[in-house]
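This report refers to the structure that appears directly beneath it.
Note that ligands are numbered from 1 as they come in the structure, with each ligand's atoms numbered from 1 the same way. What you see is a predicted model; the values in this text were computed from it and never measured. These values consider heavy atoms only, across backbone and side chains, with no hydrogens, waters or symmetry-generated copies.
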Amino acid sequence: MDAPATSKLRVATTSLAGCFGCHMSFLDIDERLFELLQHIEFDRSPLTDIKAVGECDIGLIEGGLCNAENVHVLREFRRHCKVLVAVGACAINGGLPAQRNPIPLSTILQEVYRTGPGLSNGGMIPDDPELPLPLNKVHPIHEVVKVDYFIPGCPPSSDAIWQVLTDLLAGREPALGHGLLHYD
Ligand code: SF4
């Protein structure tokens, strides 16, 4: 890896309205993870037990925005990360969760919790104040914060994620070459 020999860069990752498939693809870089760890250290991430994002060089965001908590976490990442990367279709355009967008939220909640097949009578729509408020629509993250780079795919391949990370670590403009840029 052509990376600077200075102190390690801090990298944070999170999953908003995503399925963790992009994180699994990240882990598919396999033994290159050990090489990566010579150049980075993880901040907040599903890979660590750090609960709040600190000052970071790179933030990787999986998933779009389906509730108020997602928006809060995204804004925290934008505030603390010098470079923000949207990883995968859900972060870039809402992805699969955005398929609910044509249906009114109230209709979805009624069907899921009260009227759908197999539900017993008397079901209630959860309204505990600790639950994050759902948004009317699922939004891509660039509609709320500035995003510096995008890695498309559902999920992007581990090689694509590796390419972008190693480019950033080396101070290069990330470029996905032939075979790494795909949208499925
Ligand atoms: Fe999962 Fe695909 Fe969304 Fe990534 S882009 S979080 S793999 S559904």
What verdict does the side-chain hydrogen bond (donor to acceptor under 3.5 Å, both in side chains) test give for Asp167 and Gln163, after you've listed the backbone C-alpha separation in whole Å, the side-chain angles of each residue and the deciding distance to 0.1 Å?
CA-CA 6 Å; Asp167 281 346; Gln163 181 69 50; 3.2 Å; yes
Indicate the atoms forming the closest heavy-atom contact of Lys8 with Leu37, along with that distance.
NZ-O, 3.0 Å
Do me a favour and list the nearest non-hydrogen protein atom to atom 3 (Fe) of ligand 1 with residue, atom name and distance?
Cys90 SG, 2.3 Å
Just checking, is any N or O donor in the side chain of Thr115 or Gln110 under 3.5 Å from an acceptor N or O on the other one?
no
Between the side chains of Thr13 and His23, does any donor sit under 3.5 Å from an acceptor?
yes
heavy-atom search around atom 2 (Fe) of ligand 1 in the protein gives Cys154 SG, 2.3 Å
Straight-line distance of Cys22 SG to Ile61 CD1, nearest 0.5 Å
11.5 Å
Only heavy atoms of Pro155, strictly under 4.0 Å: list the atoms of ligand 1 that pass.
7 (S)
Going by heavy atoms, is Gly153 under 4.0 Å from ligand 1?
yes
Protein residue, atom and distance nearest to atom 4 (Fe) of ligand 1, heavy-atom basis
Cys22 SG, 2.3 Å
Would a single hydrophobic cluster contain both Leu168 and Leu84, if residues Ile, Leu, Val, Met, Phe, Trp and Tyr are joined by side-chain heavy-atom contacts under 4.5 Å?
no
Can you list the ligand 1 atoms lying under 4.0 Å from a non-hydrogen atom of Glu62?
6 (S)
Within-shell test, Ala89 vs ligand 1, heavy atom, strictly < 4.0 Å
yes
Looking at atom 1 (Fe) of ligand 1, what's its closest protein heavy atom, distance included?
Cys19 SG, 2.3 Å
